[in-house]
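Keep in mind that the numbers below use all heavy atoms, side chains included, and drop hydrogens, waters and symmetry copies.
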Amino acid sequence: MTTNHLITLAEAQEMTKRYAVRHEEILERTFKNKKILPQSETFDREALDRILLQVGCEKVRIYFGMDVNDMVKLLLVGVNTRDEDMISSADPVIMENGIRCPPTCTVISPFSK
């Protein structure tokens, strides 16, 4: 299963800002029964390769974001040798849309509940 994980810089900025503003509320009663926190997210190799194969990419940084439905999401960006996010190009490579568990929890893992 191949998933398109690529999102725009504007989408990533909106999601990380939303998370920053609302992260204190996540464990409060407002979100208690909404299951907004995933147990895990899975990203295709193609998405990771697209980040890591950028010229000058040395690492991957993971940010927390929140979508318009208040679901916490992971956003992945490349990091250069100066420890800077690689988002300054006209078409930055930012991945999101991981396969969330739940609801898609098909793998047996020692990390699973």
Side-chain angles (χ1 to χ4, degrees):
M1 171 195 257
T2 299
T3 304
N4 181 10
H5 299 287
L6 190 65
I7 62 171
T8 67
L9 178 58
E11 290 170 315
Q13 288 172 316
E14 181 181 315
M15 291 176 72
T16 55
K17 181 178 179 181
R18 186 178 299 113
Y19 178 81
V21 169
R22 304 209 60 197
H23 79 278
E24 293 294 327
E25 300 175 52
I26 289 172
L27 298 178
E28 292 179 8
R29 180 172 285 206
T30 306
F31 289 113
K32 187 174 182 180
N33 294 314
K34 291 188 178 182
K35 300 187 188 256
I36 63 164
L37 294 170
Q39 180 178 341
S40 67
E41 287 192 26
T42 302
F43 289 82
D44 297 330
R45 180 185 179 118
E46 180 182 342
L48 296 175
D49 284 346
R50 187 149 178 206
I51 292 171
L52 290 168
L53 292 174
Q54 295 175 98
V55 174
C57 184
E58 295 290 323
K59 307 173 192 174
V60 173
R61 182 167 287 136
I62 302 171
Y63 286 96
F64 290 99
M66 185 177 275
D67 69 14
V68 296
N69 297 313
D70 293 330
M71 301 300 280
V72 173
K73 300 287 196 130
L74 300 179
L75 291 79
L76 287 63
V77 298
V79 177
N80 64 24
T81 57
R82 295 180 305 276
D83 206 34
E84 300 167 330
D85 293 343
M86 298 179 67
I87 57 173
S88 61
S89 71
D91 192 21
V93 178
I94 305 168
M95 299 296 171
E96 195 260 323
N97 297 318
I99 301 165
R100 288 175 58 95
C101 169
T104 307
C105 303
T106 57
V107 67
I108 297 173
S109 167
F111 305 119
S112 300
K113 290 183 179 179

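- Applying the ring-ring contact (aromatic ring centres under 6.0 Å, His included) test to residues at least two apart or on different chains, none of the pairs has a partner in residues 69-105.
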**Q.** T8 and I94: CA distance, side-chain angles, deciding distance, side chain to side chain contact (heavy atoms under 4.5 Å, CB included) verdict
**A.** CA-CA 7 Å; T8 67; I94 305 168; over 6 Å; no
Can you give me every donor-acceptor pair (side chain of residues 76-83, partner residue at least two apart or in another chain, under 3.5 Å) with its distance?
residue, atom, partner, partner atom, Å
N80, OD1, R82, N, 2.9
N80, OD1, D83, N, 3.2
N80, OD1, E84, N, 3.0
N80, ND2, E84, OE1, 3.0
R82, NE, E84, OE1, 3.0
R82, NH2, E84, OE1, 3.0
D83, OD1, K59, NZ, 3.4
D83, OD1, R61, NH2, 2.8
D83, OD2, R61, NH2, 3.4

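- The hydrophobic cluster analysis finds V68 isolated: no Ile, Leu, Val, Met, Phe, Trp or Tyr side chain comes under 4.5 Å of it, directly or through other members.
- In this structure, E41 contributes its side chain and L74 its backbone to a donor-acceptor pair below 3.5 Å.
- Rounding to the nearest 0.5 Å places CG of L37 at 8.0 Å from CZ of R100.
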Kindly list each side-chain donor-acceptor pair under 3.5 angstrom involving residues 48-55, sequence neighbours excluded, with atom names and distances?
residue, atom, partner, partner atom, Å
D49, OD2, R45, NE, 3.1
Q54, NE2, I51, O, 2.9

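- No donor-acceptor pair under 3.5 Å is formed between the side chain of T104 and the backbone N or O of C101.
- Using modelled atom types, no side-chain atom of N69 and backbone atom of M71 make a donor-acceptor pair closer than 3.5 Å.
- Rounding to the nearest 0.5 angstrom, the gap separating the CG atom in L9 from the CG atom in D85 is 9.5 Å.
- The shortest non-hydrogen separation linking H5 to A47 is CD2-CB, 3.2 Å.
- Side chains of M95 and L75 form no contact here, defined as non-hydrogen atoms less than 4.5 Å apart.
- Partners of E11 by salt bridge (Lys or Arg N to Asp or Glu O under 4.0 Å), not counting sequence neighbours: none found.
- Nearest heavy atom pair, residue F43 against residue E96, reads CE2-O, 3.5 Å.
- In the hydrophobic cluster analysis, where Ile, Leu, Val, Met, Phe, Trp and Tyr join through side-chain heavy atoms closer than 4.5 angstrom, I62 is grouped apart from I87.
- Every pair passing ring-ring contact (aromatic ring centres under 6.0 Å, His included) that includes a residue from residues 45-81 is listed here, sequence neighbours excluded: Y19-F64.
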